[in-house]
There are 2 protein chains.
Amino acid sequence: MLNQSAVLDQVFHALADPTRRTIVERLTRGPVSVSALAEPLSMSLPAVLQHLQVLEASGLVRSEKVGRVRTCRIEPETLKTVEDWVAERRAVWETRFDRLAAFLAEEEDQSK
Amino acid sequence: MLNQSAVLDQVFHALADPTRRTIVERLTRGPVSVSALAEPLSMSLPAVLQHLQVLEASGLVRSEKVGRVRTCRIEPETLKTVEDWVAERRAVWETRFDRLAAFLAEEEDQSK
DNA sequence: GTGATACTTAAGCATATGCTTAACCAATCA
DNA sequence: TGATTGGTTAAGCATATGCTTAAGTATCAC
């Protein structure tokens, strides 16, 4: 993996915007055209395009154009990158917590 | 939950910076003072303080000052917010995928 | 009290973000 | 062919970010 950190930068940044999360949520339910994506969003089409560019750059979304319609879909693998990072932090945290518990138990034991 | 979206905005934004992720990683291994956190980071102390403020505002980190030392620790519950959001997207995605598979299987069935 | 330590605050600055409006292009459709 | 639909590009602008340096303010150690 080439610079995992840069990928996380982009993915987290992409998800830090409510409009972009709305787009991701819509896309998890299936592929959509750009204008259909824009329809419920109260902003100009170019603004939506820019959000899509951020999402595509992050790898969360992929799109392809057929005729004059561009269809967007999510890339579930990239969402997994986030999941993995969080899970890894959690794992470290829990290990530390278990060790702390074990240490305290031992202390308790010695005080008897 | 009071404006879940605003929380996600802040948490994802907080995690979108490599310095802040480094800080979170350090804190998952246990509480640390501000200067100890800053030591491996190649930037001024005020810069680190600003990153910590972003992390605290997001709820990912909590800190308290005793004497002249401020000790920082992570708030694992907030990391879980991220985990939950991602897991929920994933669940929607998988449901959709299962339905697609079922649909295709049925199509296949009818063509016989 | 004097000095060092551990932050804190304030100000300033370059760059990035999130939008807008105004064209522009390329496939349909009538 | 000429209008419409679906998307794209470009330019501009207000605000937010990520840093810096300089100047505090509380401890704590002697």
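FYI, side chains are in, hydrogens and waters are out, and symmetry mates aren't considered; it's all heavy atoms of this structure. Lettering follows sequence order; numbering is per chain, from 1.
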**Student:** Can you see whether A:E88 engages A:W93 through a side-chain donor-acceptor pair at a distance of less than 3.5 angstrom?
**Tutor:**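 No, A:W93 and A:E88 have no side-chain donor paired with an acceptor closer than 3.5 Å.
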**Student:** For DNA chain C, whose closest nucleotide is more 5', that of B:Q53 or that of A:R20?
**Tutor:**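 That would be B:Q53.
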**Student:** Using heavy-atom distances to pick each residue's nearest nucleotide on DNA chain C, tell me which of A:V66 and A:Q50 is more 5'.
**Tutor:**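 Its nearest nucleotide lies further toward 5', so the answer is A:Q50.
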**Student:** Write down the distance between CG (A:L52) and C1' (C:dG18), rounded to a whole number of angstrom.
**Tutor:**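 So the CG-C1' distance, A:L52 to C:dG18, works out to 14 Å.
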**Student:** Salt bridge or not between B:E83 and A:R90? Use side-chain N to carboxylate O under 4.0 Å.
**Tutor:**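 Judged by the 4.0 Å cut-off on N to carboxylate O distance, B:E83 and A:R90 do form a salt bridge.
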**Student:** Between A:S33 and D:dG6, is there a contact of a side-chain N or O with OP1 or OP2 at under 4.0 Å?
**Tutor:**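 For D:dG6, neither OP1 nor OP2 has a side-chain N or O of A:S33 closer than 4.0 Å.
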**Student:** So, is A:K65 near the phosphate of C:dA26, with a side-chain N or O under 4.0 Å from OP1 or OP2?
**Tutor:**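 Result: no.
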**Student:** Atom CG of B:D17 and atom P of C:dT15: how far apart are they, to the nearest Å?
**Tutor:**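 Computing the B:D17:CG to C:dT15:P distance gives 18 Å.
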**Student:** Report the nucleotide, chosen from D:dT17, C:dG18, D:dG7, that has the shortest atom-to-atom distance to any side-chain atom of A:H13.
**Tutor:**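 Out of D:dT17, C:dG18, D:dG7, the nucleotide with an atom closest to A:H13's side chain is C:dG18.
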**Student:** Separation of A:D9 atom CG from C:dT17 atom C1', in whole Å?
**Tutor:**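 For the pair A:D9 CG and C:dT17 C1', the rounded distance is 15 Å.
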**Student:** Expressed in angstrom and rounded to an integer, what is the separation of A:L41 atom CG from D:dG7 atom P?
**Tutor:**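 In whole Å, D:dG7 P and A:L41 CG are 13 Å from each other.
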**Student:** Which residue, B:P46 or B:V54, contacts DNA chain D at a nucleotide closer to its 5' end, judged by nearest heavy atom?
**Tutor:**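 Nearest-nucleotide comparison on DNA chain D picks B:V54.
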**Student:** With a 4.0 Å cut-off on N to O distance, would you call B:D17 and B:R21 a salt bridge?
**Tutor:**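 So B:D17 does not pair with B:R21 through a salt bridge.
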**Student:** Any luck finding a side-chain donor-acceptor pair between A:S63 and A:E56 under 3.5 Å?
**Tutor:**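 Side chains of A:S63 and A:E56: pair found under 3.5 Å.
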**Student:** What I want to check is whether an N or O donor and acceptor connect the side chain of B:R68 with the base of C:dA6 at under 3.5 Å.
**Tutor:**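 It does not, because no donor-acceptor pair links the side chain of B:R68 to the base of C:dA6 below 3.5 Å.
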**Student:** Keeping A:S5 on the side-chain end and B:P18 on the backbone end, is there a donor-acceptor pair under 3.5 Å?
**Tutor:**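 Side chain of A:S5 to backbone of B:P18, a donor-acceptor pair under 3.5 Å: no, none is there.
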**Student:** CG of B:L45 versus P of D:dG18: gap in Å, rounded?
**Tutor:**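 In whole Å, D:dG18 P and B:L45 CG are 17 Å from each other.
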**Student:** Given atom CD of B:E39 and atom P of C:dA6, what is their separation to the nearest angstrom?
**Tutor:**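 Spelled out: CD on B:E39 to P on C:dA6 is 12 Å.
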**Student:** Whole angstrom is fine here: how far is it from CG in A:L37 over to C1' in D:dT8?
**Tutor:**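 Roughly 16 Å, once rounded to whole Å.
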**Student:** Is B:S35 close enough to C:dC7 that one of its side-chain N or O atoms is under 4.0 Å from OP1 or OP2 there?
**Tutor:**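 Checking B:S35 against C:dC7: at least one side-chain N or O falls below 4.0 Å of OP1 or OP2.
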**Student:** Taking atom C1' of C:dC7 as reference, at what distance in whole Å does atom NE2 of B:H51 sit?
**Tutor:**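 That distance rounds to 17 Å.
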**Student:** Looking at A:S44, does any N or O in its side chain come under 4.0 Å of the phosphate oxygens OP1/OP2 on C:dT20?
**Tutor:**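 Affirmative; the distance criterion is met.
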**Student:** Of the nucleotides D:dT8, C:dC7, D:dT20, which has the atom closest to the B:R70 side chain?
**Tutor:**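 Taking heavy atoms from C-beta onward, the closest nucleotide is C:dC7.
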